[in-house]
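Computed over heavy atoms, backbone and side chain alike; hydrogens, waters and symmetry mates excluded. All residue numbers in this chain count up from 1 along the given sequence.
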Amino acid sequence: MTPITPATETTVAEMRTVLPHQFVQWLRDVAPYVHTFHNKTFVIAFGGELIDNGDLQDLVFDVSLLIAMCMRIVLIPGARPQIEKQLMLRQIPSEFVNGIRVTSADTLEAVKEACGAVRLSVEAAFSQGLPNTPMAGSSIHVVSGNFITAKPVGVLDGVDYQHAGVVRKVNREAIEAQLKADQVVLLSPLGFSPTGEVFNLSTPELASAVASQIHADKLIILSHEDVLDEHGEQIQTLDVRQAEALEETLPVGSFLRQTLAAVCDAVNAGVPRAHIVPAKLDGGVLLELFQHDGVGCMVTQNSLESLRVATVDDLGGILQLIAPLEQDGTLVPRGREKLEAELPFFSVLEYDNVIFGCAALYPFKEEQMGEMACFSVDPSMQGMGFGERMLEHIEARARREGMKALFVLTTRTAHWFLKHGFVPGTVNDLPDNRQKIYNWQRRSQIFVKKI
């Protein structure tokens, strides 16, 4: 056992004083999400790789927590690696065309075997209840059934997909009845025809159809492929048109392309938000749901970002945003009454109904100049291009109002303005009325940009 040194003792003491506060603050931060998601329905799909990698238990722990907070869950596990193992045991070749498994009668038997094993694994995981585990005290019942009516894919471009199918109908009433009874609905990627045939379904397509037809509040698909931009950076949000464009750039048959197609179909069918969450990230579903930025990619019908002129409803958000900067001297303090009177000069950057940036534009019409003041972007959103977009918005607003130049006064962010086209100026470069009220004690640096 490692001996406890004085430094270690100090660290433990600090943790005892800091961590409880952090924990309480975290609970307070997630409370709005808990209220928002109460009695909401989430469809969560994941690949069979998650089971093979030993991560099923952690996902079940997280889902059980959602259920304890009164969220209604439909789970749809895929079974591709389990199917591949069954096919190997039976010495049956695996065949895909355009991302669809060609499902012969023998292949279908392997599919049913694999899906049955996956379903039992999920049911067993939800049956846990040992003390000192996240499942302690839980009593979660899992319900499966013939909720999905399917039809064959048929023959496409000369290829007979045999027992591969697509969703024809989801029994919404039956699923909703189980959800209202606080059951977890577990759906295997299998569908049934009125004649009793069984069809092999695509997990993303099934998840999309279910989310759409039961009017789910969210579709969440865990993916082992990240949604990246052309620079290899994680994409946090896409509107459906952007997602469809990205989908077209991906290889036909890739899981990520199927996933993007599925979430776009769901959003176009009325699901408010769809999320692609990294399957390899422990707790990814919780992080995506209970953090504002999330950890995956969220797809919505329209862009979540809005740059607009401020209204009286934005007053509280602006005050909260600029308060820390006023306290540390970055911004000149403004009282609530002064800010309210000057709201028509303000623009705000709103992201997902939260104010994350603001700036004011004060006109000096005789000199055809404008002062950009109170320029602020929330620290958690810096480095994501929001400052640049706010500047572009203010410049466009200034041009519409007939201004030829912008100037700013700053004590701490000179390099940012230099980087974005401003040049150093002097008090003599300011409009006459602004020169008269220049604060010589503050000695702000002056930067000017022609627009």
On the 0 to 90° scale, with breaks at 30° and 60°, tag the Trp416-Phe375 ring pair as parallel, tilted or perpendicular. tilted

Look at the side chain of Gln82 and the backbone N and O of Gly48, then say whether any donor-acceptor pair between them is shorter than 3.5 Å. yes

Using a strict cut-off of less than 4.0 Å between a Lys/Arg side-chain nitrogen and an Asp/Glu carboxylate oxygen, indicate whether Arg101 and Glu84 qualify as a salt bridge. yes

Gln258 side chain to Gly99 main-chain N or O, any donor-acceptor pair under 3.5 Å? yes

Check whether any side-chain heavy atom of Val63 sits under 4.5 Å from a side-chain heavy atom of Val285, and report yes or no. no

Taking side chain as C-beta onward, heavy atoms only, is Pro77 less than 4.5 Å from Leu186? yes

Side-chain donor-acceptor pair present, Asp106, Ser104, cut-off under 3.5 Å: no

Among Thr410, Leu391, Leu406, find the one that has a side chain to side chain contact (heavy atoms under 4.5 Å, CB included) with Phe417. Thr410

Is there a side-chain contact between Asn53 and His224 (heavy atoms, below 4.5 Å)? yes

Identify which one of Glu388, Glu395, His415 satisfies the side-chain hydrogen bond (donor to acceptor under 3.5 Å, both in side chains) criterion when paired with His420. Glu388

Parallel, tilted or perpendicular: which one describes the rings of Phe37 and Tyr33, with boundaries at 30° and 60°? tilted

Return the minimal non-hydrogen interatomic distance between Pro272 and Asp217, and the atom names on each side. CD-O, 3.5 Å

Donor-acceptor pair between Asp29 and Gln291 side chains, under 3.5 angstrom: no

Taking only Lys NZ, Arg NE, NH1 and NH2, and the carboxylate oxygens of Asp or Glu, determine whether Glu392 and Arg389 approach each other closer than 4.0 Å. no

